[in-house]
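Inspection log for the structure reproduced underneath, given as structure tokens.
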Amino acid sequence: MNPSARRRRQIADRVAHELIASGEAREVWLEGALACGFAHAASDIDLRGIVDGDLPAWESRIVDGVRVDLQASAPQRAEELRHLLRSFDVRRDDLGSFRRVRASMHDLMCLRTALSYDVGRWDPVLDPGERQGYRRWAVADQAEVAASLAEDLTGLVEDGLAESAGVVCRKLETCLTALGCAAAGHPVLGDKWLPLLADAQTRPSIDPARAETWEWFRPVQRRVARALLDCWPVDDPLQKPPSLGAPDAGWLPQRYADGWFLRRGDVHIPITGGQLLGWLSTVSTDGA
């Protein structure tokens with residue numbers, strides 16, 4: 001933990017102790033990057049008080065020159081979020097739960113990182129099963145972002161809009177790094193923290209200008225597939241994938257509660273785990 005993070009943890013200790021001792025909150029959580037041990041010289045401190053009854057209108061405060069952002073939540077809201085983490089019930093013909101969870105991803109990230117103050121120490125709020133639930137949702141969410149960006153990217157490439165394609169490539173590279181972090185079990189904190197979370201991951205490189213075929217898209221497919229397989233391992237025998245024409249022409253895998261799919265745009269083709277492995281083998285023929 002760097003000096004900026006240590007100093008902010010000390011301030012968080014003080015403020016949390018004061019809130020509990022005064023009866024303003026029954027529990028205080030430290031959230032976000034600081035809860036994971038990350039901070040820079042201008043980082044704020046994010047604290048959440050769990051409060052019974054009417055929620056107070058807390059304002060941010062400056063403590064020893066550091067901004068402390070205070071939020072108050074009812075215990076019922078925390079329980080609602082935890083409930084989302086206890087199952088992954090997305091079905092291809094019913095995406096309502098996926099939309100609800102995706103709309104709450106920031107709140108779920110805060111809950112995933114949350115540490116509860118207890119007499120000078122901070123303990124994780126979520127149990128291992130709930131953290132695994134966050135991992136599944138975060139991977140599925142980032143895979144959905146990747147699919148949306150890939151759809152834009154392939155359309156721009158087909159129309160020869162190189163400069164716009166370059167912008168989307170950079171966004172997609174960042175998304176793939178976040179996807180890898182989520183698959184590794186890290187909370188998705190935000191782009192600026194990705195270099196610290198990515199460990200030894202190499203930054204993905206997407207360059208549609210380097211080839212006239214779809215082989216330039218294969219690194220995207222491999223990263224999405226491997227991240228999903230990290231969460232939902234497949235031990236089926238390798239099978240021949242469905243005929244898609246060029247196997248790498250913009251297709252990406254998806255995993256829902258009712259199985260595996262290959263997706264391009266609005267087209268979703270159900271596949272078995274063995275067919276997914278066969279498709280991944282096909283798009284991995286150039287290595288890496």
Within the 4.5 Å heavy-atom criterion, are [X] and [Y] side-chain neighbours or not?
X: L252; Y: R264; value: no
X: Q275; Y: W279; value: no
X: Y117; Y: L47; value: no
X: Y256; Y: D89; value: no
X: L277; Y: L229; value: yes

Practice task
Examine the side chains of D13 and W122 and answer whether a donor and an acceptor come within less than 3.5 Å of each other.
Solution key: yes
Problem - Test item: side-chain donor near acceptor, D69 and S60, under 3.5 Å - result: yes
Assess whether a salt bridge exists between [X] and [Y], defined as any Lys/Arg side-chain N lying under 4.0 Å from an Asp/Glu carboxylate O.
X: R263; Y: E144; answer: yes
X: E215; Y: R222; answer: no
X: D64; Y: R14; answer: yes
X: R77; Y: E80; answer: yes

Approximate separation, where rounding is to 0.5 Å, of [X] [atom1] and [Y] [atom2]:
X: R9; Y: I45; atom1: CZ; atom2: CD1; answer: 10.5 Å
X: F261; Y: I271; atom1: CZ; atom2: CD1; answer: 9.0 Å
X: I11; Y: R61; atom1: CD1; atom2: CZ; answer: 12.0 Å
X: D118; Y: E27; atom1: CG; atom2: CD; answer: 9.0 Å
X: D141; Y: R136; atom1: CG; atom2: CZ; answer: 14.5 Å
X: W260; Y: L228; atom1: CH2; atom2: CG; answer: 5.0 Å

Problem - Geometric class of the F88/W232 ring pair [parallel <30°, tilted 30-60°, perpendicular >60°] - result: tilted
Problem - L126-L84 co-clustered via ILVMFWY side chain contacts under 4.5 Å - result: yes
Problem - Same apolar cluster (I L V M F W Y, side chains within < 4.5 Å links), L30/L196 - result: no
Between the main-chain N or O of [Y] and the side-chain N or O of [X], is there a donor-acceptor pair closer than 3.5 Å?
X: E158; Y: G155; answer: no
X: T113; Y: C110; answer: yes
X: N2; Y: S4; answer: yes

Exercise for the section: Report yes or no: is the cationic atom of R102 (NZ for Lys, CZ for Arg) closer than 6.0 Å to the six-membered ring centre of F98, at no more than 45° off its axis? Expected result: yes
Practice task
Give me the one residue out of R86, H83, R135 that meets side chain to side chain contact (heavy atoms under 4.5 Å, CB included) with E130.
Solution key: R86
Practice task
Give a yes or no on this: more than 12 heavy atoms of other residues, nucleotides or ligands lie within 6.0 Å of atom CD of E163.
Solution key: no
Handout entry: Within residues 39-53 or reaching into it, pairs that qualify as salt bridge (Lys or Arg N to Asp or Glu O under 4.0 Å) - sequence neighbours excluded
Key = R26-D52, E31-R48
